[in-house]
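Here the structure is laid out as structure tokens; the discussion comes afterwards.
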Number of protein chains: 2
Amino acid sequence: MTQLQRRKIPDAAIARLPIYLQILNNLAATNVLRFSSDELAALAGVNAAKVRKDLSYLGSYGTRGVGYEVTYLIHQIKRELGLMREWNVVVVGAGNLGCALAKFDGFLSRGFPVVGIVDNDPKKIGRTTSSLTVGDVGDLKNIVRDEKVNIGVITTSSAAAQSAADALIDAGITSILNFAPVVLATPSSVSVRNVDLGVELQILSYYEQMRIESGSKVQSAPQLNSVGAR
Amino acid sequence: MTQLQRRKIPDAAIARLPIYLQILNNLAATNVLRFSSDELAALAGVNAAKVRKDLSYLGSYGTRGVGYEVTYLIHQIKRELGLMREWNVVVVGAGNLGCALAKFDGFLSRGFPVVGIVDNDPKKIGRTTSSLTVGDVGDLKNIVRDEKVNIGVITTSSAAAQSAADALIDAGITSILNFAPVVLATPSSVSVRNVDLGVELQILSYYEQMRIESGSKVQSAPQLNSVGAR
DNA sequence: GATTGTGAACGAGTTCACAGCC
DNA sequence: GGCTGTGAACTCGTTCACAATC
């Protein structure tokens with residue numbers, strides 16, 4: 001497979017690459033140079049054939065009989081995921097969660113600097129939270145243009161989430177991370193991923209109940225990382 | 001399909017039931033009495049055949065030519081998901097996120113009261129956060145037994161997450177919601193779901209990059225709600 | 001006429017198993 | 001001998017399409 005023509009990588013494989021990357025970063029930090037598909041599979045909690053197939057979508061970067069090089073694979077995964085650059089983020093909704101995220105190191109350290117936070121509540125506009133001043137939702141268009149924002153994060157109430165999404169899309173945003181417990185209506189040209197704790201707990205509840213009902217002989221749930229994309 | 005023998009509902013369908021439930025609760029709040037699979041499909045952003053198949057796993061609760069009754073379906077989904085009762089939650093890790101979750105209404109309001117929070121840092125033990133006092137991680141076993149805890153939430157650093165998981169499992173917990181960006185090693189009898197913002201952003205990054213590379217003709221990502229279960 | 005419920009067709013994702021290469 | 005890369009088989013999930021029912 002060549003590099004020129006962009007390969008079509010299955011969504012399921014894309015969702016696992018960040019996990020492999022995290023593990024490989026840990027290996028690199030402990031000076032591990034090489035790994036086999038078996039080793040990565042054990043660390044990622046998946047099977048080795050899946051690891052090999054997933055990595056093969058990136059190209060043939062392993063060596064038969066030997067394995068894969070940690071730093072080289074980190075590079076290839078980052079390239080594929082678009083992590084060779086930073087992606088600027090704007091947060092809509094300056095409540096508890098929004099402010100916490102704006103402060104949160106994890107965004108910047110992973111290459112997703114939060115360059116703006118806005119709200120529609122006049123009481124919140126103008127407040128400062130960790131070097132950012134809460135702007136008006138009406139300024140979104142300017143912020144997105146001036147700061148070259150790529151990703152919008154919605155941390156509003158569920159009632160306000162759809163209009164937040166509309167405003168982001170109107171401002172030209174095409175990737176949204178939504179924390180409000182609602183299904184957003186968006187054009188199919190926009191990627192949406194949902195993080196909803198209620199949903200997660202309710203899924204756990206189902207398997208927990210199964211376990212109890214059947215005298216704890218339940219096979220357990222699937223382990224994936226996820227939220228939701230559209 | 002009868003009720004006595006527990007139906008095996010596909011994991012993919014289980015993951016959608018909480019979304020349907022959320023939407024139906026909204027419909028009930030606006031006094032809508034009935035809905036068709038087409039209507040729910042539009043609100044949930046999926047197709048109608050999928051809605052019908054998903055609901056059919058619960059039993060045959062619709063009426064041909066008419067549709068489904070909102071309150072009756074809410075009841076059936078809650079029954080299936082194990083939401084006819086409360087599930088007590090304990091939080092391990094009393095940092096920013098852990099304390100925020102302990103205070104967070106969304107847990108209690110959805111039937112998942114947080115009955116305890118623990119940490120291994122002596123500086124944090126004894127602090128009070130919204131009617132809960134931070135306990136010692138060593139007390140987990142007692143808390144789980146005395147408070148009849150079913151679900152553990154891990155909000156520790158990634159370095160401490162595995163030992164937090166071990167402690168929870170040792171205390172008898174079989175459902176874990178993990179916010180630390182690591183893959184936990186757990187027996188297959190334990191359900192784990194992972195919430196990792198970094199992973200979500202990196203997935204968005206991939207589709208965003210595709211869009212840019214190909215002159216914005218990208219088909220967008222799949223929309224699911226998720227995190228990860230094992 | 002409208003809408004469900006569901007086999008059957010289809011498609012995506014996973015795993016197997018082995019040829020190919022170090 | 002060890003490990004990758006990958007067609008082929010298989011499993012799981014989605015969608016179609018239509019008979020059954022109100």
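Chain letters run A, B, ... following the sequence lines, proteins first and then strands; every chain starts at 1. Small disclaimer: the values here were computed from a predicted structure and weren't measured.
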When A:Ala49 and B:Tyr68 are each assigned the nearest nucleotide of DNA chain C, the 5'-most assignment goes to B:Tyr68

Grab the CZ-C1' distance between B:Arg34 and C:dT3 for me, whole Å please. 12 Å

Distance check needed: C:dA17 C1' versus A:Asn47 CG, whole Å only. 13 Å

Whole-Å distance separating the CG atom of A:Leu40 from the C1' atom of D:dC3: 14 Å

In whole angstrom, give the distance that lies between atom OH of A:Tyr61 and atom P of C:dC21. 18 Å

DNA chain D: A:Thr63 or B:Arg64, which has the more 5' nearest nucleotide? A:Thr63

Rounded off to whole Å, could you give me the CD-to-C1' distance for the A:Glu39 and D:dT4 pair? 13 Å

Would you mind reading off the distance between A:Asp11 atom CG and D:dC12 atom P, rounded to a whole angstrom? 20 Å

Counting side-chain heavy atoms from CB outward, which of C:dT15, D:dG5, D:dC22 is closest to A:Ser60? D:dG5

Taking CZ from B:Arg52 and P from D:dC18, how many angstroms apart are they, rounded to a whole number? 13 Å

Any side-chain donor-acceptor pair under 3.5 Å between B:Gln162 and B:Asp166? yes

Quick one: A:Lys50 NZ to D:dT11 P, roughly how many Å, whole number? 15 Å

Between C:dT14, D:dG5, C:dT3, which one does the side chain of B:Ser36 approach most closely? C:dT3

Whichever of A:Gly65 and A:Asp54 has the more 5' nearest nucleotide on DNA chain C, that residue is A:Asp54

Flag the pair A:Tyr57 / A:Leu17 as yes when at least one side-chain heavy-atom distance between them is below 4.5 Å, and no otherwise. no

Check whether any side-chain heavy atom of A:Tyr61 sits under 4.5 Å from a side-chain heavy atom of A:Ile77, and report yes or no. no

Indicate yes or no: at least one non-hydrogen side-chain atom of B:Arg110 is less than 4.5 angstrom from one of A:Ser205. no

